[in-house]
Chemist: 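Handing you this structure, nothing more for now.
Proteins get letters first, then strands, A, B, ... in listed order; numbering begins at 1 in each. Bear in mind that the values here come from a model prediction, so they are computed numbers and not experimental data.
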Amino acid sequence: MPVARPESSDSRVIAHVDMDCFYVQVEQRKQPSLRGQPAAVVQYNSWQGGGLIAVSYEARKFGVKRSMRGDEAKEVCPEIHLVQVPVARGKADLNSYRNAGSEVVAILSRRGRCERASIDEVYLDLTIAAEAMLADNPPECLETISEEAVKSHVLGLEVVGTDPRENVRHWLTRSDASHRDKLLACGALIVAELRLQVLEETEFTCSAGIAHNKMLAKLASGMNKPAQQTLVPFSSISKLLETLPIKKMKQLGGKLGTSLQIDLGVNTVGDLLQFSEEKLQEYYGINTG
DNA sequence: CATGGCTTGAAT
DNA sequence: ATTCAAGC
């Protein structure tokens, strides 16, 4: 029984939404004086200041990283505000973050099916909504495109003029686009709206990727952070994968990815595509292969 | 002891 | 059912 089947439709519109340093944002909303400050959320602060589990972008500029101890963070960034995660029965209690995530899900699920992928990540299937928009209000007929949507990053779109937003506006609204690209453009408009609603109603920022499947959407959401969105046109996919380190792919970040590199010399998805399914199954068995 | 603890999904 | 890998 094959494990990974091709998707039944290759023109779905999928978005992956990822909250920016989410635990920090939750604490900043609770304590607004922390906004705009270098800050981090820490668990168990008794041993070397505790372990960082979320770091604000202001703190990242100083080189503060997740999995540093609180004491190390203070060394590189003496001004940093360390917030302790709540503790219940001796354990870190993430429930307030889980609940904050639910607020976001409630908003994101307004335009399509919504799948919670983790405490701070969500996949959206916007296919139906995008098709509907394309049918009765295609982007090329819109006189105004939202300011947020026009700030989208479009993979493979060359920057020519001075204002990249003009490139995006043109890409989103060009009438000679393929059907798939038009669907993605609609998806990007919808996601821009949703992200704005999330900000207005929860005060949280997030980043998003818009693509034809979950893998690419997830990949894209991490490319431009924080508070930005990235679109993956069909035509950009092959070039993207050719040079993509396999370690960046979900499922291949661990031992299997390491084995691919060391045992088979596979470093990029492009390399991996040189191998036939049969060859991979010889090495890894019928299922893993 | 020193990222910890937890969840999810796949393999067996 | 149990174990293991992966990622948050």
Chemist: Determine, for A:R29 against A:E103, whether the closest basic-nitrogen to carboxylate-oxygen distance falls under 4.0 angstrom.
Modeler: yes
Chemist: Look at A:E193 together with A:R111 and state whether they make a salt bridge at an N to O cut-off of under 4.0 Å.
Modeler: yes
Chemist: What contact category does A:K218 fall into here, base, sugar-phosphate, or nothing, at under 4.0 angstrom with non-hydrogen atoms?
Modeler: sugar-phosphate
Chemist: Name the first nucleotide and the last nucleotide along DNA chain C (5' to 3') that come under 4.0 Å of a heavy atom in chain A.
Modeler: C:dA5 to C:dC8
Chemist: Looking at the rings of A:F22 and A:Y97, which for Trp means the six-membered one, are their centres under 6.0 Å apart?
Modeler: no
Chemist: What contact category does A:M249 fall into here, base, sugar-phosphate, or nothing, at under 4.0 angstrom with non-hydrogen atoms?
Modeler: sugar-phosphate
Chemist: Flag this pair as yes if the NZ/CZ of A:R174 is under 6.0 angstrom from the six-membered ring centre of A:W171 and inside a 45 degree cone about the axis; otherwise no.
Modeler: yes
Chemist: Salt bridge check, A:R69 against A:D71: does any charged N sit closer than 4.0 Å to a carboxylate O?
Modeler: no
Chemist: Can you give the donor-acceptor pairs under 3.5 Å from side chains of residues 112-119 of chain A to other protein atoms, not counting sequence neighbours?
Modeler:
unit_1	atom_1	unit_2	atom_2	d
A:E115	OE1	A:K214	NZ	3.2
A:E115	OE2	A:K214	NZ	3.1
A:R116	NH1	A:S102	OG	3.0
A:R116	NH2	A:R98	O	3.1
A:S118	OG	A:D120	N	3.2
A:S118	OG	A:D120	OD1	3.1
A:S118	OG	A:E121	N	3.3
A:S118	OG	A:E121	OE2	3.4

Chemist: Check A:L219 against A:K248 and note the closest heavy-atom contact, atom names and distance.
Modeler: CD1-O, 4.1 Å
Chemist: Assess the side chains of A:Q228 and A:S207: does a donor N or O sit below 3.5 Å from an acceptor N or O?
Modeler: no
Chemist: To the nearest angstrom, how far is A:E115 atom CD from B:dG9 atom C1'?
Modeler: 12 Å
Chemist: OP1 or OP2 of B:dA10 sitting under 4.0 Å from any side-chain N/O of A:N287?
Modeler: no
Chemist: When rounded to the nearest Å, what value does the distance between P atoms of B:dA2 and C:dC8 take?
Modeler: 23 Å
Chemist: Show the distances under 3.5 angstrom between N or O atoms of the protein and N or O atoms of nucleotides 2-8 of chain B.
Modeler:
unit_1	atom_1	unit_2	atom_2	d
B:dG5	OP1	A:K91	NZ	3.3

